[in-house]
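Just below is one structure, and these are the notes that go with it.
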Amino acid sequence: LLFNILKKNPYKGGVLPPESSDFVSDDNLFNYQAKVIKDLAAQESCIIIGRCADYVLKDNPDVIRLFFYAPLEDCIRRVVDQNGISAKEAEKKIAKIDKYRADYYKYYTGNAWNDARNYDFCLDTSSMSYEKLIAVVKDIIKIYQAVSFEPLIIFPVNLPENLLPTAGRIKMFQRNLLIFHTADLR
């Protein structure tokens with residue numbers, strides 16, 4: 001039954017007006033987020049991390065969909081280092097966040113969050129520093145720009161504050177969800 005419900009809920013656009021009884025629902029909040037994502041993408045080049053933006057912008061030919069992943073051991077080590085918690089606590093935290101992400105993505109898109117077919121480029125980051133990861137993303141942008149368009153980049157990754165560009169940065173409500181312009185990466 002739950003699977004049938006999930007299949008019916010993929011995002012199709014539209015938002016409810018304030019006078020609607022469902023105005024403050026999670027679905028309407030998602031629809032407003034999707035509207036902001038679409039409006040931002042229509043106005044300027046940007047990077048959007050999370051919020052099912054790859055799905056929301058699936059019809060935009062200028063979008064590059066990137067998915068970064070790493071083996072669980074590497075993820076645990078990074079979470080331990082960043083949060084100062086035990087490996088056991090880090091593993092629980094990762095499992096909880098990944099389940100939330102997978103459920104959220106499945107509910108609003110009908111697809112699996114970690115399915116490589118949803119992305120243009122998937123990269124195992126286990127052997128990469130954040131600096132190297134940024135260099136790879138810049139190279140991908142250059143490759144796509146060589147085809148004469150300024151891309152949007154969408155990827156779920158946790159970058160430390162000191163490595164992020166500052167212009168145009170917007171924080172949202174998912175772990176390190178950030179939006180900023182590709183021009184900030186040059």
(request) Indicate the ring-plane relationship of Phe30 and Tyr104, choosing parallel, tilted or perpendicular according to the 30° and 60° boundaries. (result)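 Judged by the thresholds at 30° and 60°, the geometry between Phe30 and Tyr104 is perpendicular.
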(message) Which residue is it: Val137, Ile143, Ile140? I am looking for the one with a side chain to side chain contact (heavy atoms under 4.5 Å, CB included) to Ile64.
(response)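 Per the side chain to side chain contact (heavy atoms under 4.5 Å, CB included) rule, the option paired with Ile64 is Ile140, out of Val137, Ile143, Ile140.
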Kindly compute the distance separating [atom1] ([X]) from [atom2] ([Y]), expressed to the nearest 0.5 Å.
X	Y	atom1	atom2	value
Lys138	Leu133	NZ	CG	11.5 Å
Ile134	Met128	CD1	CE	11.5 Å
Ser86	Lys92	OG	NZ	8.0 Å

If I compare all heavy atoms of [X] with all of [Y], which pair ends up nearest, and what's the gap?
X	Y	answer
Val56	Lys38	O-CE, 3.3 Å
Val80	Ala90	CG2-CB, 3.7 Å
Ala41	Leu57	CB-CD2, 3.8 Å
Thr125	Arg78	O-NH2, 3.1 Å

(message) Under 4.0 Å between a side-chain nitrogen and a carboxylate oxygen: does that hold for Arg77 and Asp81?
(response)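 Answer for the salt bridge query: no.
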(request) List in chain and number order the residues that pass side-chain contact (heavy atoms from CB on, under 4.5 Å) with Ser126, two or more places apart in sequence or in another chain; answer none if no residue qualifies. (result)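 side-chain contact (heavy atoms from CB on, under 4.5 Å) check on Ser126 returns Ala70, Pro71, Asp74, Asp124.
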(request) Before giving the answer on side-chain contact (heavy atoms from CB on, under 4.5 Å), spell out for Leu123 and Leu66 the whole-Å C-alpha distance, their side-chain angles and the decisive distance to 0.1 Å. (result) CA-CA 8 Å; Leu123 180 65; Leu66 305 178; over 6 Å; no
(request) Would you verify whether the NZ or CZ of Lys58 falls within 45 degrees of the ring axis of Tyr55 while also being under 6.0 Å from that six-membered ring's centre? (result)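 Judged by the rule, Lys58 and Tyr55 form a cation-pi pair.
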(request) Verify side-chain contact (heavy atoms from CB on, under 4.5 Å) between Ile85 and Val79, making sure each step is shown before the conclusion. (result) CA-CA 8 Å; Ile85 58 178; Val79 171; 3.9 Å; yes
(message) One pair to check against side-chain contact (heavy atoms from CB on, under 4.5 Å): Arg51 and Val36. What are the steps and the verdict?
(response) CA-CA 11 Å; Arg51 306 280 72 158; Val36 169; over 6 Å; no
(message) Do Asp27 and Tyr108 make a side-chain contact, defined as non-hydrogen atoms from C-beta onward lying under 4.5 Å apart?
(response)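 The answer is yes, as the side chains (C-beta and beyond) meet within the 4.5 Å cut-off.
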(request) Taking the side chain as every heavy atom from C-beta outward, state whether Asn118 and Arg65 have any atom pair closer than 4.5 Å. (result)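 Not in contact.
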(request) Please determine, by modelled atom types, if Tyr105 and Asn114 share a side-chain donor-acceptor pair under 3.5 angstrom. (result)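 Side chains of Tyr105 and Asn114: no pair found under 3.5 Å.
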